Amino acid sequence: MPRVLCLAALLSLATGATAAPLVRDGKAVAFVVLPPAPDAAEKLAARELIDHVEKISGAKLETVPLEPDALDALLKGSAKSGMTPVVLG
């Protein structure tokens with residue numbers, strides 16, 4: 001059974017995922033979504049992502065607090081606007 005799980009994990013990595021742009025032409029095209037009261041790990045993850053993207057590209061990602069029940073509407077709206085939400089939490 002463990003071999004089957006390892007094989008499944010490797011195959012899932014090999015299938016390739018669609019990339020989501022965070023920055024385009026030096027401008028942020030993504031934003032970080034956090035719960036209204038993020039815990040320490042969520043805050044750290046957001047800060048690390050924002051800092052690394054800024055160091056690499058010069059663009060700073062914004063953070064948006066969001067109630068979990070509003071996530072579907074946010075995802076639909078961001079698809080229309082072309083912005084990429086990075087949901088943490």
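Heavy-atom basis, side chains included; hydrogens, waters and symmetry copies ignored. Predicted model, so just to flag it, every value in this text is computed and none were measured. Numbering starts at 1 and runs along the sequence shown.
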Cluster check M83, V23: I/L/V/M/F/W/Y, side chain < 4.5 angstrom: no
Taking a hydrophobic cluster as the set of Ile, Leu, Val, Met, Phe, Trp and Tyr residues connected by side-chain heavy atoms closer than 4.5 Å, whether directly or through intermediates, do V33 and L75 fall within one such cluster? yes
Going through the checks in order, is the side-chain contact (heavy atoms from CB on, under 4.5 Å) test met by L74 and F31? CA-CA 11 Å; L74 175 88; F31 55 96; 3.9 Å; yes
Out of curiosity, D39 CG to L34 CG, how far, rounded to the nearest 0.5 Å? 9.5 Å
Residues 54-69, side-chain donor-acceptor partners within the protein, below 3.5 Å, at least two apart:
{"from": "S57", "atom 1": "OG", "to": "V53", "atom 2": "O", "distance (Å)": "2.7"}
{"from": "S57", "atom 1": "OG", "to": "A59", "atom 2": "N", "distance (Å)": "3.1"}

Under 3.5 Å: donor-acceptor pair, side chain of T84, backbone of P21: yes
Tell me whether I50 shares a hydrophobic cluster with L88, the cluster being built from Ile, Leu, Val, Met, Phe, Trp, Tyr side chains joined at under 4.5 Å. yes
